[in-house]
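Have a look at the structure below, then the notes.
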Amino acid sequence: MKLDKNYNANQFEPLIYALWEKNLVFKAKPENKKERFSMVMPPPNETGTLGVHHVLFLTIQDILARYNRLNNRDVLWLPGTDHAALAVNALIEKQLSKEGLSKHDIGRQAFLERTQEFVANSRGNMLNQMRSIGAGPDWTRLRYTLEDTSVRVVNETFLAMYQKELIYRGDRIVNWDPVLETTVSDDEVTYREEQTTLYYLQLGPFEITTVRPETKFGDKYIVINPKDQRYKDYKEGQEIEVDWINGKTKLTIIKDEAVDLNFGSGVMTITPWHSLIDYEIAKRHDLTYEQVIDFHGKLLPIAGEFAGETIAQARPKIIEKLRSKKLIIREDKNYKHQVAINSRSDALIEPQIRLQWFVDVNKKVIDWHHQLLSFKEVLQTVVKDHEIDIIPKRFEKTYFNWVDNLRDWCISRQIWWGHRIPVWYRTDMDQKQEIYVGLQPPIDDREGYNEWQQDPDTLDTWFSSALWTFSTLIDPALAENYQLDFRDLLNKSQDFITYHPTSILVTGWDIIFFWVARMILATTFMTGQVPFKSVYLHGLVRSIDGKKMSKSRPESLVDPLDVVKQYGADALRMGIIMGVSPGNDLVYSEERVRSSRNFCNKLWNISRFIENVSDDTIRPDHQFKTNNLVDRWLVVRLSQVQTMVLDYLDHYRFAEAYDLIYKFVWNDYADWYIETAKLNLNQTLLKDSLRIILKLVHPFMPFVSESIWQVLFENQDLLAQQVFEPIKINQDYLSDAEQFNQVRSLIVEAREVLQKTDSRGITLYYKKSAVVSELNPIIKRLAKLKDCIEVDDGEGWRLINTKFDCWLDIDPASIKKHLTSLKNQFDQYQQDIEKLQSRLDNVNYVSKAPKQLVDQTKLQLQELSNKREDLKQEITRFSRN
RNA sequence: GGGAUUGUAACUCAGUUGGCUAGAGUGCAGCAUUCACAUUGCUGAAGUCAGGGGUUCGAAUCCCUUCAAUCCCACCA
């Protein structure tokens with residue numbers, strides 16, 4: 001087959017991917033007895049398309065999967081997608097509102113159907129995008145967070161926690177999104193700074209401040225810090241009557257430390273129903289409280305004439321009324337404060353008190369290694385004891401900080417898309433409510449009771465995501481059998497037994513709380529195992545201006561498929577991997593993609609060369625047979641590079657591994673070995689070495705490496721199914737390699753001198769040397785010399801950076817032109833020598849530093865001195881002429 | 001207010017427990033060219049490792065401090 005001049009990624013990639021799928025390359029094989037490597041893919045949200053950050057985490061995982069396969073391990077990389085309850089729900093509601101509809105108009109059933117259709121569409125799209133960047137998870141095990149098995153496991157978990165009273169129902173203040181009409185977890189709330197007006201209001205003898213006059217209708221208490229000397233005459237429990245927004249009101253004085261003495265006048269009123277700290281104050285003092293704003297964001301009858309209005313409508317009118325009653329003392333129009341926002345819907349959060357389901361994180365009933373611990377303690381223990389390693393380590397601090405401050409987790413949501421809470425209610429004749437919690441709807445219809453009604457709420461998305469590592473390993477066929485209890489279900493699921501706990505989880509540090517911690521929580525509870533042995537946290541992808549890529553700034557978004565089309569998937573993958581180190585953010589730049597594309601092409605052309613010079617009857621023999629010292633140098637390098645790349649990958653240092661391969665292939669293999677091969681063809685070694693290189697490249701650039709493999713080694717299996725092979729080197733290869741390095745220095749210096757002196761067609765003379773004689777044609781060619789001749793004694797410019805004695809026959813006048821730059825070099829040598837000398841003159845250095853290092857310094861000094869002398873001689877010799 | 005990270009060439013970043021003359025990619029300058037590759041080759045210029053102090057024989061690396069940037073957590077009624 002004749003190869004094209006340039007590598008055309010688009011032409012090969014779809015074919016190669018199809019080949020992998022056809023051969024079931026990605027399929028895990030629990031039946032074989034290899035060492036295991038397993039990980040689950042963090043399921044991307046089914047909201048539409050993949051972005052560059054997906055390419056990052058998919059590539060890291062793909063590298064790990066392919067690398068471990070090449071290391072002769074049985075690899076399970078399990079793919080899946082997330083139903084993303086809140087995000088998808090918000091999207092669909094937005095669509096509906098564009099059509100002038102609300103979810104209530106179409107009803108729960110139609111809403112869910114519509115959502116399912118949307119999600120199925122996104123999913124197909126996303127899975128194809130994964131393929132097009134070369135990601136190779138086990139497609140036969142594709143999972144989804146809202147499938148039947150998942151429902152079963154969610155319900156099992158809910159039930160088990162409920163039975164241990166780890167899940168409870170209660171009235172609590174929650175983050176309420178009045179637009180989506182649902183609660184939102186603390187972690188999903190973000191804060192935005194807003195400029196607003198701060199009002200100073202007259203409340204009887206006091207001055208209070210507020211940005212939210214609309215919440216002031218329910219005020220019944222005045223809170224003062226007990227330490228505040230200004231109000232020491234007012235006593236706790238004292239009642240005063242004041243004129244307030246809607247007439248006369250009686251208020252009670254409360255003293256509480258939570259009041260900031262320095263804010264405003266140090267006096268506040270509280271609205272416990274709509275503010276967390278107010279709520280806490282109210283709890284402490286056992287105060288009564290009332291709802292002022294309803295769940296749609298409208299004022300309630302307590303607001304009198306403003307009832308039924310939204311906050312936006314009512315606020316100016318309330319201000320007007322306050323003003324006319326002369327209750328406003330002054331206004332600060334430039335007041336800046338943080339407002340709470342739902343990060344998923346962008347709606348303003350209104351704290352509300354509601355009956356919700358919670359996970360108790362402090363109850364000590366979890367049996368973990370024969371100790372009864374709380375969720376919080378389990379979360380602390382597993383990381384402290386290194387049952388789970390966090391990479392990089394510094395995120396342990398963030399993790400502990402969060403866990404230590406963990407509060408009960410509100411898991412119920414009032415949206416429709418998601419796992420339904422497995423709780424049913426009915427009332428008896430006396431209207432007494434009965435509760436049933438179970439895996440499936442209750443069936444007994446006892447007479448005299450109303451029908452069972454399922455709780456209308458759904459569960460927080462992260463509740464099902466938290467079960468991801470083990471719910472995906474449960475056999476779906478077994479999960480249909482509700483006779484089987486949960487223990488048995490786990491213990492009879494082949495994949496669970498084989499692959500859990502998983503080896504590693506690769507995910508972004510931004511969801512360490514949402515997800516990583518909650519996976520640990522739920523998995524330890526349900527399986528008695530940790531979900532994974534380590535967590536690799538990658539950074540966020542930023543656009544070239546250093547900002548986070550986000551949908552709100554469309555110009556910052558890069559469509560991975562566009563890049564694939566232009567440069568190929570391999571180039572995109574490596575363009576992103578080039579900058580990564582664990583936990584650090586990286587900047588996406590097209591330049592890097594381009595450089596990786598060029599590297600693909602380099603590999604391609606190396607292969608073309610080998611293809612062109614190859615005789616098909618010669619087969620590589622895996623023996624790394626060497627003919628001369630360049631061959632032996634190559635084998636030494638190959639072995640070193642392979643060892644280092646594997647070591648880097650073992651430590652998740654992807655960028656370093658790639659960098660090393662890149663440099664080796666380009667600067668050693670192409671620039672030196674291939675060049676010498678043109679004069680000294682060793683066909684078997686060329687093929688042997690290329691085979692090793694392709695294996696090393698494959699985890700990083702699967703397409704181009706497999707394409708080449710298919711062309712050059714077509715009678716073999718797929719590259720994706722190979723394993724690494726050991727490269728044996730004899731001890732004497734090392735000295736040969738060193739000899740070649742000396743020749744390399746010779747050639748580089750010759751080139752440099754020729755360039756600087758602008759000389760061409762020069763002859764090199766060398767003193768008798770077996771090595772130089774052997775490589776004579778190579779030296780002549782690579783240094784572009786006219787000739788290379790052995791002599792008894794040299795003349796011309798003497799080379800000083802090689803241990804071989806050789807001279808360039810350059811016209812003295814040319815050298816003279818460059819004497820200044822040569823003198824600079826001499827000065828540089830002089831400086832370096834002085835530095836080394838002073839180090840050796842230091843008694844402490846000689847006595848305290850490792851002997852090896854001191855010896856090395858001595859050797860360097862010796863070499864440098866020699867060079868300096870040689871250079872000095874040459875300079876004086878040519879200055880004279 | 002509590003915490004984390006970052007600061008290295010013009011740009012984007014490597015630099016593993018302190019130890020060769022601090023390295024790449026891109027960009028820049030010069031030169032080359034039918035012979036695998038212009039998505040090329042060769043050669044080169046370019047750095048006060050943010051500033052200051054300390055520990056050490058030795059610091060880009062460890063400690064303290066100042067400055068700058070980014071982010072997380074907690075919050076102001």
Side-chain angles (χ1 to χ4, degrees), chain A residues 3 5-7 186-187 191 198 208-212 215 223 258-260 262-264 267-271 275-278 335-338 392 394-395 397-398 401-402 405 509-510 512-513 539-540 542 544 546-548 567 571 578-581 583-592 594-613 647-648 651 653 655-656 659 662-663 670-671 674-675 678 748 751-756 758 760 782-784 821 828-829 831-832 835-836 839 842-850 852-854 856-857 859-860 864:
Chain A
L3 300 182
K5 202 165 165 184
N6 287 337
Y7 174 61
D186 291 345
D187 301 308
Y191 293 87
L198 180 68
I208 62 159
T209 43
T210 187
V211 291
R212 303 201 55 193
T215 63
V223 190
V259 181
D260 183 354
N262 301 317
F263 192 88
V267 180
M268 64 188 266
T269 61
I270 54 167
T271 317
S275 154
L276 180 62
I277 48 160
D278 292 7
Y335 182 70
K336 283 189 187 132
H337 76 148
Q338 308 273 342
R394 68 181 138 92
F395 278 100
K397 228 172 192 169
T398 321
N401 184 39
W402 182 81
N405 296 312
W509 55 255
D510 53 328
I512 183 167
F513 308 135
L540 303 179
R542 298 178 184 282
I544 199 79
K547 290 188 187 139
K548 202 170 157 178
Y567 296 106
M578 267 170 94
V580 304
S581 56
N584 287 343
D585 292 350
L586 67 116
V587 174
Y588 171 82
S589 88
E590 204 169 311
E591 272 177 16
R592 287 192 192 160
R594 218 174 294 134
S595 107
S596 295
R597 189 265 323 256
N598 294 355
F599 182 56
C600 285
N601 194 54
K602 193 73 190 179
L603 269 173
W604 181 253
N605 276 292
I606 285 169
S607 314
R608 271 184 74 205
F609 172 80
I610 295 176
E611 157 95 323
N612 291 344
V613 300
D647 188 62
Y648 279 138
H651 295 94
R653 299 161 77 113
E656 281 103 323
D659 190 55
Y662 183 99
K663 282 177 194 160
D671 291 346
I674 296 283
E675 287 307 317
K678 287 173 183 171
V748 170
R751 282 168 177 167
E752 187 191 332
V753 174
L754 294 180
Q755 278 249 344
K756 281 195 173 157
D758 202 13
R760 249 157 271 196
L782 295 192
K784 294 198 174 164
S821 88
Q828 187 60 51
Y829 282 149
Q831 268 177 35
D832 293 343
K835 219 187 279 175
L836 290 175
R839 200 181 292 173
N842 184 335
V843 185
N844 283 323
Y845 175 71
V846 179
S847 61
K848 287 185 184 173
Q852 204 187 349
L853 196 71
V854 177
Q856 206 182 339
T857 312
L859 200 71
Q860 275 166 15
L864 263 179

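Order of the sequence lines fixes the chain letters, A, B, ..., with proteins taken first and strands second; residue numbering starts at 1 for each chain. As a basis for the values below, the full set of heavy atoms in this structure was taken, side chains included, without hydrogen atoms, waters or symmetry mates. None of the values given here were measured: they were computed from a predicted structure.
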Rounded interatomic separation in angstrom, taking NZ from Lys848(A) and C1' from U55(B): 12 Å
When the C1' atoms of U61(B) and A50(B) are compared, how many Å lie between them, rounded to an integer? 16 Å
With both distances under 3.5 Å as the test, what is the Watson-Crick or G-U wobble partner of U21(B)? none
Should C49(B) form a Watson-Crick or G-U wobble pair with both distances under 3.5 Å, which nucleotide is its partner? none
C1' atoms of G2(B) and G58(B), separation to the nearest Å: 37 Å
Distance check, P atoms only: G15(B) and U5(B), in whole angstrom units. 15 Å
In terms of side-chain heavy atoms of Arg394(A), which of A36(B), U5(B), C76(B) is nearest? U5(B)
Give me the distance, rounded to whole Å, that separates U21(B) from A59(B) when you measure between the P atoms they each carry. 13 Å
So does Gln755(A) reach the base of G30(B) with its side chain, donor to acceptor, closer than 3.5 Å? yes
Provide, to the nearest angstrom, the distance between the CG atom belonging to Asn844(A) and the C1' atom belonging to G18(B). 17 Å
Describe the nucleic acid contact of Val748(A) in one word from base, sugar-phosphate, nothing, applying a heavy-atom distance below 4.0 Å. sugar-phosphate
Does one side chain, of Arg839(A) or Asn842(A), offer a donor that lies under 3.5 Å from an acceptor on the other? no
Let's see if you can work this out: which of C76(B), U16(B), G23(B) has an atom nearest to the side-chain heavy atoms of Lys663(A)? G23(B)
Nearest to the side chain of Glu752(A) - U21(B), U43(B), G23(B)? U43(B)
Ignoring hydrogens and angles, answer whether the base of C37(B) and the side-chain atoms of Lys602(A) contain a donor-acceptor pair closer than 3.5 Å. yes
Scanning both residues in full, the closest heavy-atom pair of Ile208(A) with Met268(A) reads CG2-CA, 4.2 Å
Which base, if any, makes a Watson-Crick or G-U wobble pair with G41(B), both distances under 3.5 Å? C31(B)
Roughly, in whole Å, what's the span from CG in Asp186(A) to P in C72(B)? 16 Å
Could you please name the option among G19(B), C37(B), A24(B) that lies closest to any side-chain atom of Leu853(A)? G19(B)
Of the candidates U39(B), U21(B), G19(B), the side chain of Tyr845(A) sits closest to G19(B)
Just how far, in rounded Å, is C1' of G19(B) from CD of Gln860(A)? 10 Å
Expressed as a whole number of Å, how far does the C1' atom of C71(B) sit from that of A32(B)? 49 Å
Between P of U39(B) and NZ of Lys5(A), the distance in whole Å: 10 Å
Could you let me know what C71(B) is paired to, Watson-Crick or G-U wobble, both distances under 3.5 Å, or none if it's on its own? G3(B)
Does Asn401(A) reach a base, just sugar-phosphate, or nothing at all? Heavy atoms under 4.0 Å. nothing
Shortest side-chain distance from Ser595(A), nucleotide among U26(B), C76(B), A36(B): U26(B)
Just call it for Ala655(A): base, sugar-phosphate, or nothing, with non-hydrogen atoms closer than 4.0 Å on any strand. nothing
Base, sugar-phosphate or nothing for Trp509(A)? Non-hydrogen atoms, less than 4.0 Å. sugar-phosphate
Mind checking Leu836(A) for me? I need base, sugar-phosphate or nothing, with any heavy atom below 4.0 Å counting as a touch. sugar-phosphate
Rounded distance in Å between the C1' positions of U16(B) and C57(B): 23 Å
Arg839(A) has a side chain; which of U21(B), C37(B), U56(B) sits nearest to it? U21(B)
Would you say the side-chain atoms of Tyr845(A) and Thr857(A) include a donor-acceptor pair closer than 3.5 Å? yes
Does Thr209(A) reach a base, just sugar-phosphate, or nothing at all? Heavy atoms under 4.0 Å. base
Using OP1 and OP2 only, check whether a side-chain N or O of Arg751(A) sits under 4.0 Å from U43(B). yes
Between A32(B), C57(B), A14(B), which one does the side chain of Glu656(A) approach most closely? A14(B)
Check: Lys784(A) side chain, A32(B) base, donor-acceptor under 3.5 Å: no
Using atom C1' in both nucleotides, what's the gap between A46(B) and C28(B) to the nearest angstrom? 9 Å
Reading RNA chain B from 5' onward, which residue's closest nucleotide shows up sooner: Val267(A) or Asp671(A)? Asp671(A)
Rounded to whole Å, please give me the gap between CZ in Phe599(A) and P in U26(B). 12 Å
For atom CG of Asp510(A) and atom P of C73(B), their distance in whole Å: 11 Å
Between C72(B), C76(B), C42(B), spot the one nearest the side chain of Phe513(A), thanks. C72(B)
Rounding to an integer number of angstrom, what distance separates G51(B) and C67(B) when you compare their C1' atoms? 7 Å
With a 3.5 angstrom cut-off on both distances, give the Watson-Crick or G-U wobble partner of G58(B), or none if there isn't one. none
Between atom CG in Asp758(A) and atom C1' in C42(B), what is the gap in whole Å? 14 Å
Counting any heavy atom closer than 4.0 Å, what does Ile674(A) reach on the DNA or RNA strands: base, sugar-phosphate only, or nothing? base
Measuring from the side chain of Tyr335(A) (C-beta onward, heavy atoms only), which nucleotide among C75(B), C76(B), G19(B) has the closest atom? C76(B)
Mapping Thr269(A) and Tyr7(A) to their closest nucleotides on RNA chain B, which lands nearer the 5' end? Tyr7(A)
